[in-house]
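First the structure, in the form of structure tokens, and then the observations on it.
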Amino acid sequence: MNSAPARHVLILGGTTEARRLAEELAGDPALRVTSSLAGRVAAPRLPVGQVRIGGFGGAEGMARWLREHQVDALIDATHPFADTISSHAARAAADVHVPLLALRRPGWVPGPGDRWHSAGSLAEAARLLPDLGERIFLTTGRMGLATFAHLTRQWFLVRSVDAPEPPVPPRMEVILDRGPFTLEGEAELLRRHRIEVLVTKDSGAHATAPKLTAARAAALPVVIIRRPPAPQGIPMAETPSEAATWLRVTLA
């Protein structure tokens, strides 16, 4: 008797959680897993298993890919700020009637001693900076630096995986690096560069959280950019294990 064909799962990835989920599902013979990466990083950390790199061509292109490759379940494990691809995933899954789960790590929560300033966008963060300090540690990635390019009085330390492209702030130093980062390393970075303000997105990752602890210890103000709202009506999981459980129940 022939066994049932493996069910095809597409993971929209690029995050640590996406890689861990691919690892967790890799040994299941009942599943065939494809991880999709946007291709914005020159040398991404590749998950185990089959990988595709590049965009889909909007929601319509993703729906077509889901249909042509007979995808049985879709898991959106992209970065919490990748709201465009998350919106496309919601529309594509609805069009093709494929079950969709959003895998999102919890956001950061301020603790005693934190001096957080909430911002709804990069532009709002840029408006806050003149009143907070002149030496800025900017950890929002290389995309969107143009938003800060008009700030000529502030000096920026920018950390990103790949080198940014102009327009960028005129007074800027770039560090090319990738987490995880240590508390000792982050504290030394703040001291060495005499940082007065930290700017970051609420990514919620443990690998990049030490900068918040270091900023708290140094009594520095932190501008936290809030996450964009998630698509409505999509079930959520906070860990790869929760996502794997949802998947097996859904495909049972």
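Keep in mind that the numbers below use all heavy atoms, side chains included, and drop hydrogens, waters and symmetry copies. If you're wondering where the values come from, they're calculated on a predicted model, not measured in any experiment.
Looking at every heavy atom in both residues, Gln154 comes nearest to Pro130 through NE2-CA, 3.5 Å. Closest non-hydrogen pair, Met62 versus Ala89, comes out as SD-CA, 3.5 Å. Closest approach of Ser86 to Arg104, counting heavy atoms only: OG-NH2, 2.6 Å. Between Arg45 and Gly179, the shortest heavy-atom distance links the atoms NH2-O, 2.8 Å. Across all their heavy atoms, Ala63 and Ala92 have their closest contact at N-CB, 3.6 Å. Here the closest heavy-atom approach between residue Ala102 and residue Ile234 is recorded as N-CG2, 3.9 Å.
The distance from the CG atom of Asp72 to the OG1 atom of Thr250 is 11.5 Å, given to the nearest 0.5 Å. In this structure, Thr213 OG1 and Asp114 CG are separated by 8.0 Å, a value rounded to the nearest 0.5 Å. The OG1 atom of Thr16 sits 9.5 Å away from the NE2 atom of His79 when rounded to the nearest 0.5 Å.
Transitive grouping of hydrophobic side chains (ILVMFWY, heavy atoms separated by less than 4.5 Å) keeps Val51 and Leu10 in distinct clusters. Both Val98 and Phe56 are members of a single hydrophobic cluster when ILVMFWY side chains are connected at heavy-atom separations under 4.5 Å. In the hydrophobic clustering of ILVMFWY residues, with side-chain heavy atoms under 4.5 Å counting as a link, Phe181 and Leu212 come out apart. Phe137 and Trp108 fall within a single hydrophobic cluster, where Ile, Leu, Val, Met, Phe, Trp and Tyr side chains are chained together by heavy-atom contacts under 4.5 Å. Criterion: ILVMFWY side-chain heavy atoms under 4.5 Å apart, direct or through other members. Under it, Ile53 and Leu66 are not part of a common hydrophobic cluster.
Cluster partners of Leu101, by chain and number: Val9, Ile11, Leu21, Leu25, Leu31, Val33, Ile75, Leu103, Trp246, Leu247, Leu251. The rule joins Ile, Leu, Val, Met, Phe, Trp and Tyr whenever side-chain heavy atoms lie under 4.5 Å apart. Side-chain heavy-atom separations under 4.5 angstrom define the hydrophobic clusters, and the remaining members of the one that includes Val197 are Phe81, Leu122, Leu128, Leu129, Leu132, Ile136, Leu138, Leu145, Phe148, Leu151, Phe156, Val158, Val168, Met172, Val174, Leu176, Val199, Val223, Ile225.
Take Arg142 and apply the salt bridge (charged side-chain N to carboxylate O under 4.0 Å, His left out) test, not counting sequence neighbours, and it matches no residue. Listed by chain and residue number, nothing satisfies the salt bridge (charged side-chain N to carboxylate O under 4.0 Å, His left out) test with Asp83 (two or more places apart in sequence, or in another chain). Listed by chain and residue number, nothing satisfies the salt bridge (charged side-chain N to carboxylate O under 4.0 Å, His left out) test with Arg19 (two or more places apart in sequence, or in another chain).
Of the possible polar contacts, none joining the Glu186 side chain to the Thr182 backbone as a donor-acceptor pair under 3.5 Å is found. Within the 3.5 Å criterion, the main-chain N or O of Ala30 finds a donor-acceptor partner in the side chain of Asp28. Not a single donor-acceptor pair under 3.5 Å links the side chain of Ser160 to the backbone N or O of Ala163. Side chain of Ser87 to main chain of Thr84: no donor-acceptor pair is present (N/O by atom type, distance under 3.5 Å, no hydrogens or angles). Here the side chain of Thr140 pairs no donor or acceptor atom with the backbone of Thr200 at under 3.5 angstrom. Judged by distance alone, with hydrogens and angles left aside, the side-chain atoms of Arg52 form a donor-acceptor pair with the main-chain N or O of Gly55 at under 3.5 Å. Arg105 places a side-chain N or O within 3.5 Å of a backbone atom of Ser203 that can act as its donor or acceptor partner. Of the possible donor and acceptor atoms, none in the side chain of His193 sits under 3.5 Å from a partner among the backbone N and O of Leu189. Using modelled atom types, one side-chain atom of Asp76 and one backbone atom of Thr78 make a donor-acceptor pair closer than 3.5 Å.
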*Show the numbers, then the answer: is there a side chain to side chain contact (heavy atoms under 4.5 Å, CB included) between Ser35 and Gln50?*
CA-CA 6 Å; Ser35 295; Gln50 185 175 345; over 6 Å; no
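For the 3.5 Å distance criterion, the side chains of Thr34 and His8 qualify, holding a donor opposite an acceptor. Between the side chains of Arg226 and Ser118, at least one donor N or O lies within less than 3.5 Å of an accepting N or O.
Other residues, nucleotides and ligands contribute over 12 non-hydrogen atoms within 6.0 Å of the CZ atom of Arg248. For Glu188, the CD atom is densely surrounded, since the number of other residues' heavy atoms within 6.0 Å is greater than 12. In Glu165, the CD atom is not crowded: 12 or fewer heavy atoms of neighbouring residues, nucleotides or ligands sit closer than 6.0 Å. Sparse packing is recorded around CZ of Arg194, with 12 or fewer heavy atoms of other residues, nucleotides or ligands lying under 6.0 Å away.
Annotation: side chain to side chain donor-acceptor pair (under 3.5 Å) contacts involving residues 123-135, sequence neighbours excluded, comprise Glu134-Arg153.
Residues Pro47 and Glu23 fail the side-chain proximity criterion, which asks for heavy atoms closer than 4.5 Å.
A salt bridge links Glu60 with Arg91: the closest approach of a Lys/Arg side-chain nitrogen to an acidic carboxylate oxygen falls below 4.0 angstrom.
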